[in-house]
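For reference, the structure discussed in these notes is given below.
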Amino acid sequence: MTVPTLAPEGHLLIVGAGLAGYHTARGVRAHGHTGPITIIGEEHRAAYDRPALSKAYLTGAAAEEDLLLDDPEDPLDVTWVSGVGVVGLRAEPLGVHTDDGAFHTADAVVITTGASALSLPSLDSSEDRGGCAPARPYVLRNMEDALALRDTPLHGADVVVVGGGFLALESAATCVARGAGSVTVAAGEEDPGARRLGSPVARAIRSAHEARGIRFAPGARAQGLRRRPPSDGGPHYEVLLGDGGVLPADIVICAIGAEPRTEWLLDSFVRLCTQSGAVLCDDTGATSVPGVYAAGDCAQWASHSSGLRPVGHWQEAFEEAAVVAAALTGSDPVPLQEPYFWSDQFDLRIQGVGRIHLADDVTVVDGTSDGGDLLVHYSRDGVNVGILGINRLRDVTRWRRGSRIRPASAEAPGPTPVSA
Ligand SMILES: Cc1cc2nc3c(=O)[nH]c(=O)nc-3n(C[C@H](O)[C@H](O)[C@H](O)COP(=O)(O)OP(=O)(O)OC[C@H]3O[C@@H](n4cnc5c(N)ncnc54)[C@H](O)[C@@H]3O)c2cc1C
């Protein structure tokens, strides 16, 4: 047990009604907190989980209610304040200002405001637009974004997806499933994912997409988007590439990354990372302001900078929420699992576990890069540090079970020797 930050009857205020916010509240209640909990979220809807937004929700296979985080059979005992944005944090007295002019006091505040999608700039001048709004790509960060794309007819459309990460590739796969006429991925690199995951994995993913008709544009980065003159006929937009190339498109989807939603903290005493803008925290989620914690995609914990944790994955947000809940209530520290992520593209389930980003070598253990089945091991200095499987559920699960639990501290041990 550690010293609790929050008295059992104290008021906990959570900013951001997403994954980390929801699970912080659930964790705090599970540790016996009896005081009031308020969750303030800017979205006008019940808290939901995001991964399906680029997968089953986009194809129509999942409905909004399938994504809801709260369990109607066992609802969280909290006060939800929805459709209200938080615009500032005050340390003394501790609390937050909201965009409806209110000030909400609290005994502890947890910041879980996630991230916002980066987008491509519009390159058309006001004359080119002829009174139309600037060309804007679709992005995928929240339910509104996904709804806009889901409600857009794709049948026969020429789609360009900008970005080479999982979100981009998942979006490309769903466009094919929805009958797009052509789908081109402008990844900004020749072999999307090769630097992060190694060539065998990048090749396997690319060949699965190409086998379904998806085209990969040359490696030049996209610079922006503009409308095409109506006199040219054909698609309404074009994506301009850094090498001067142009990709015509009826629909442009941009998945080039995200930035932490911390703009509302700029005038506070909460320290932010000068590069990413994320809230800097220790490995219990504590920020530079006493009584204020942060978790999830908006936060950078000490172990992130030491390379032990990836940012922007579901498991990290979920586990950080559990650590913050334990720290707030003075409960036993939570042991964290090795980092884990997954992605679903067509019939491929891609799962990575361990410290893949630290690896200096990738070995194919089984399967091939041109089938829907691959198992690779990552090692550093000859020690196995991670594994990635494509349709290898059992191998990945076994590795996860066997891998050593890491402590919630920046002095985490080095790579984990595990045999799969
Ligand atoms: C489309 C999509 C697909 C994904 N798929 C996968 C996947 O397959 N595998 C995987 O491992 N991870 C995936 N992820 C990542 C995972 O969903 C995120 O890491 C996780 O949602 C982060 O949780 P969070 O609580 O930090 O942020 P969020 O879930 O983004 O929640 C933050 C909430 O705070 C609100 N907010 C922001 N600013 C304010 C403010 N000032 N006032 C009030 N409210 C505010 C936001 O509107 C939002 O509701 C995906 C993410 C997206 C967007």
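Counting starts at 1 for both ligands and their atoms, following the listed order.
- Open room surrounds CZ on F269; 12 or fewer heavy atoms of other groups in view lie less than 6.0 Å from it.
- Under 4.0 Å from any atom of ligand 1, one finds heavy atoms of residues G16, A17, G18, L19, A20, I40, G41, E42, E43, R50, P51, L53, S54, K55, V84, G85, V86, T112, T113, G114, L140, R141, L167, E170, R261, W264, G296, D297, G312, H313, W314, A317, W342.
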Passes ring-ring contact (aromatic ring centres under 6.0 Å, His included), F346 versus H209? Steps please.
CA-CA 8 Å; F346 304 110; H209 281 253; 4.9 Å; yes
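- For the pair R400 and Y340, the cation sits on the ring face: its NZ or CZ lies under 6.0 Å from the ring centre, inside 45° of the axis.
- Residues S119 and P137 share a closest heavy-atom pair of OG-CG, 3.3 Å.
- Side-chain contact between V364 and L374 is present, with heavy atoms from C-beta onward closer than 4.5 Å.
- At least one test fails for R355 against the ring of Y378: distance under 6.0 Å to the centre or angle within 45° of the axis.
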